[in-house]
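Naming convention: chains lettered A, B, ... in sequence-line order (proteins, then strands); numbering from 1 in each chain. Only heavy atoms go into these numbers, but all of them, side chains included; no hydrogens, no water, no symmetry mates.
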Amino acid sequence: MEEKRTTLEDIVSFAKRRGFVYPGSDIYGGEAGLYDFGPNGVELLNNIKKSWWKANVYDRDDFVGVDSAIFKHPRVWEASGHVGGFSDPLAECKVCHTRIRVDKELGAIGITADEKMSEEELGKLFDENRDKIKCPKCGNKDFTGVKAFNLLVKSNLGDFTGEDERPVYLPGEACQGIYLNFKNVVDTMPVKIPFGIAQIGKAFRNEISPRNFLFRTRELEQADTQYFVAPHQNKEAYERIKQNRWDWYVNDLGIKPENLKWHQHENLVFYASDAWDIEYNYPSLGFDELEGVHDRTDYDLTQHMKFSGTDLQYNDPATHEKYIPWILETSMGMGRCFLAVLCDAYTVETLPNGETRTVLKLKPELAPVKYAVSPLLKNKPELVEKAREVYLALKKKYGNVMWDDNGNIGKRYRRQDEIGTPYCVVIDFDTLQDGTVTIRDRDTTEQKRVAIDQI
RNA sequence: GCGGGUGUCGUAUAGUGGCUAAUAUGCAAGCCUUCCAAGCUCGAGACGGGAGUUCGAUUCUCCCCACCCGCACCA
């Protein structure tokens with residue numbers, strides 16, 4: 001029934017028009033890579049978060065949640081490898097402007113270049129070997145100097161001189177907050193391995209080129225779980241976690257399975273034992289990452305143990321064995337998830353009379369507005385009065401319930417369809433007689449009469 | 001970050017070196033309306049920002065910003 005292929009542009013303008021997502025700092029001309037959620041957007045976003053938290057914390061008896069401070073000790077990002085390695089040393093061909101990864105090009109000619117080397121060290125190595133490196137595109141050897149783009153965002157927290165050599169960074173990924181609190185959770189909560197910690201947190205990245213709406217932003221939110229298991233006890237749990245994550249998208253968020261697929265990483269980072277992404281088929285972009293499910297061995301806790309000097313080993317109560325747990329991670333981009341849910345629900349139907357109807361086919365639990373309440377006619381005080389009564393009662397019970405008495409009834413239905421309101425309640429003359437109202441279903445457009453207290 | 005393109009009410013589009021910048025839709029107010037965008041009246045709402053050229057710039061030039069396409073990047 002869909003008319004034509006929906007583009008990302010359609011989604012962007014729809015999202016603004018209907019109060020889901022606005023460009024960040026819009027009145028100042030915008031600011032790249034930042035978006036704000038509007039009244040309907042924040043409801044949808046919160047509903048997704050609630051669903052995620054329910055699936056990953058409340059529905060499990062081996063998970064707890066945390067919420068860590070955004071600012072963290074400077075050493076955290078050294079331990080995580082972000083200060084040294086969260087950057088790519090690049091040089092640009094002066095002839096055709098193609099950019100090359102200097103460390104990789106050096107590696108290709110047999111020079112050991114660690115990506116954790118400083119810009120100066122790499123620059124020196126590059127200068128010594130310039131005559132051996134050709135531009136892969138045009139073959140010239142005329143390159144600019146090496147420049148490293150570090151993606152971490154710096155702050156001046158606690159620095160009043162502006163000259164602090166060890167700045168406090170904003171998080172490049174939210175999951176570090178979980179590793180930092182692993183010991184605290186073990187020491188204070190009734191948990192034992194295997195168990196997991198979940199967190200929804202903000203991350204910030206100086207993306208060179210933020211693009212594609214909510215897909216790549218400079219400020220993002222991540223929903224992470226870290227599942228701690230005994231060494232080498234990772235395989236079975238990993239498969240189970242992968243399945244759980246897939247099921248959440250399909251069953252809880254209602255995303256069409258044909259728009260999702262698994263993608264296994266081919267080049268694993270050195271510490272990872274396995275890595276799969278769940279990809280979504282975004283309009284205009286095609287399949288791209290939505291969530292990563294990674295088998296990370298003991299790398300993260302080992303690093304923090306080394307850099308902090310704190311013993312992060314787990315003392316197994318059954319075997320009295322001490323070990324650093326292995327970690328199975330799930331890491332979802334909340335903005336990407338929001339985008340996927342929005343795109344997947346966005347439907348343009350052609351009606352028998354040739355007109356189109358835009359419907360956001362969200363799962364009712366995710367819909368920004370649960371019910372819209374209208375008097376059939378606005379100029380009949382007795383209908384309006386009764387409708388207000390029903391509206392206030394529903395609002396008290398369900399929270400986000402909308403009053404809508406604008407235009408005629410058909411317009412109201414269409415307006416509610418566009419923001420995904422699952423049910424519209426209309427108070428008509430029969431209501432005054434027998435206390436029943438009509439409830440109109442968003443997807444089928446069919447109506448039922450029910451008593452007010454049956455809603 | 002590089003190259004190319006675009007930028008006009010909330011949204012989608014017209015248009016112009018000079019008259020009050022237009023249309024649809026949406027929004028808001030009123031009338032009307034007994035269930036799927038009916039109709040009428042009234043209203044608010046835009047030339048992305050800054051310089052320059054000019055008697056006069058939304059229109060031409062430059063810079064900046066944002067967005068789109070391609071490249072590169074994506075721990």
Taking B/C67, B/C27, B/C68 as options, the one with an atom nearest any side-chain atom of A/Arg211 is B/C68

Against the side chain of A/Ile409, the closest entry in B/C35, B/A37, B/U34 is B/C35

Scanning all shown strands, the Watson-Crick or wobble mate of B/U33 with both distances under 3.5 Å is none

Next on the checklist: Looking at B/C69, I'd like to know if its phosphate oxygens (OP1 or OP2) sit under 4.0 Å from a side-chain N or O belonging to A/Asn212.
Outcome noted: yes

message = For A/Arg18, is there any backbone N or O sitting under 3.5 Å from a side-chain donor or acceptor partner on A/Asn40?
response = yes

Closest to the side chain of A/Leu376, out of B/U34, B/A37, B/C71, is B/U34

With the side chain defined as heavy atoms from C-beta on, A/Ala32 is closest, among B/C67, B/C35, B/U33, to B/C67

Closest of B/U11, B/C67, B/U34 to the A/Leu377 side chain is B/U34

Is it the case that B/G26 (base atoms only) and A/Arg414 (side chain only) share a donor and an acceptor within less than 3.5 Å, ignoring hydrogens and angles? no

Closest of B/C36, B/U33, B/U34 to the A/Asn379 side chain is B/U33

Heavy-atom closest pair (A/Trp77 atom, A/Pro171 atom, distance to 0.1 Å) is CZ2-CA, 3.2 Å

Q. Between B/C60 and B/C73, how far is it from one P atom to the other, in whole Å?
A. 37 Å

Ranking B/C2, B/C67, B/C35 by distance to the side chain of A/Tyr35, first place goes to B/C67

Against the side chain of A/Ile208, the closest entry in B/C35, B/A66, B/C73 is B/C73

For residues A/Tyr35 and A/Tyr22, establish whether the separation of their ring centroids is below 6.0 Å. no

B/C71 and B/A57, which share atom name P, separated by this distance in whole Å:
42 Å

Partner of B/A38 under the Watson-Crick or G-U wobble criteria, both distances under 3.5 Å, comes out as none

Quick check on B/U11: is either OP1 or OP2 less than 4.0 Å from any side-chain nitrogen or oxygen of A/Lys16? yes

**Prompt:** For the residue pair A/Phe215 and A/Phe213, is the inter-centroid distance of their aromatic rings smaller than 6.0 Å?
**Reply:** no

Distance between the C1' atoms of B/G7 and B/G50, in whole angstroms?
16 Å

For A/Trp326, is the NZ or CZ atom of A/Arg296 found under 6.0 angstrom from the centre of its six-membered ring and inside 45 degrees of the ring axis?
-> no

Take atom P in B/A38 and the same atom in B/A28, then report the distance between them in whole Å.
15 Å

Quick note, A/Arg440 side chain, CB onward, closest among B/U34, B/C36, B/U33 is B/C36

B/U33, OP1 or OP2 - any side-chain N/O from A/Asn408 closer than 4.0 Å? no

Checklist entry - Distance between the P atoms of B/A21 and B/U6, in whole angstroms? => result 26 Å

Worksheet item: Is any side-chain N or O of A/Tyr413 under 3.5 Å from a base N or O of B/C35, one able to act as donor and the other as acceptor?
Response: yes

For B/C27 and A/Arg17 - does any side-chain N or O of the residue sit under 4.0 Å from the phosphate oxygens OP1/OP2? no

In Watson-Crick or G-U wobble terms, with both distances under 3.5 Å, the base opposite B/A21 is none

ask   = Expressed in whole Å, how much space separates the P atoms belonging to B/U58 and B/G17?
value = 13 Å

When you measure from the side chain of A/Gln199 to the backbone N and O of A/Ser68, does any donor-acceptor pair fall under 3.5 Å?
yes

inquiry  = For a quick check of understanding: with a heavy-atom distance under 4.0 Å over all strands, which category does A/Gly38 fall into, base, sugar-phosphate or nothing?
reply    = nothing

- Query: How far does the C1' atom of B/A22 sit from the matching atom of B/G45, given to the nearest Å?
  - Reply: 14 Å

Inset, instruction - Could you label the plane-to-plane angle of the A/Trp262 and A/Trp276 rings as parallel, tilted or perpendicular, counting under 30° as parallel and over 60° as perpendicular? - result: perpendicular

Per the atom types in the model, does the base of B/C73 pair as donor or acceptor with the side chain of A/Ser209 at under 3.5 Å?
no

Polar side-chain contact A/Asp417-B/C36 base: donor and acceptor under 3.5 Å = no

Note: for A/Gly30 and A/Lys380 on RNA chain B, the residue whose nearest nucleotide lies more 5' is A/Lys380

Closest to the side chain of A/Lys411, out of B/C73, B/C67, B/G26, is B/G26

Requested in this report: Tell me what A/Gln447 touches on the nucleic acid: a base, only sugar-phosphate, or nothing, going by heavy atoms under 4.0 Å.
Outcome: base

Phosphate contact (B/A28 OP1 or OP2) by A/Asn406 side-chain N/O below 4.0 Å = yes

- Query: Any chance the side chains of A/Thr438 and A/Arg449 put a donor and an acceptor closer than 3.5 Å?
  - Reply: no

If pairing means Watson-Crick or G-U wobble with both distances under 3.5 Å, then the partner of B/C67 is B/G5

Classify the nucleic acid contact of A/Thr438 as base, sugar-phosphate or nothing, counting any heavy atom under 4.0 Å across all strands shown. base

As its Watson-Crick or G-U partner within any shown strand, both distances under 3.5 Å, B/C60 has B/G52

Please give the distance between the P atoms of B/A46 and B/U23 as a whole number of Å.
15 Å

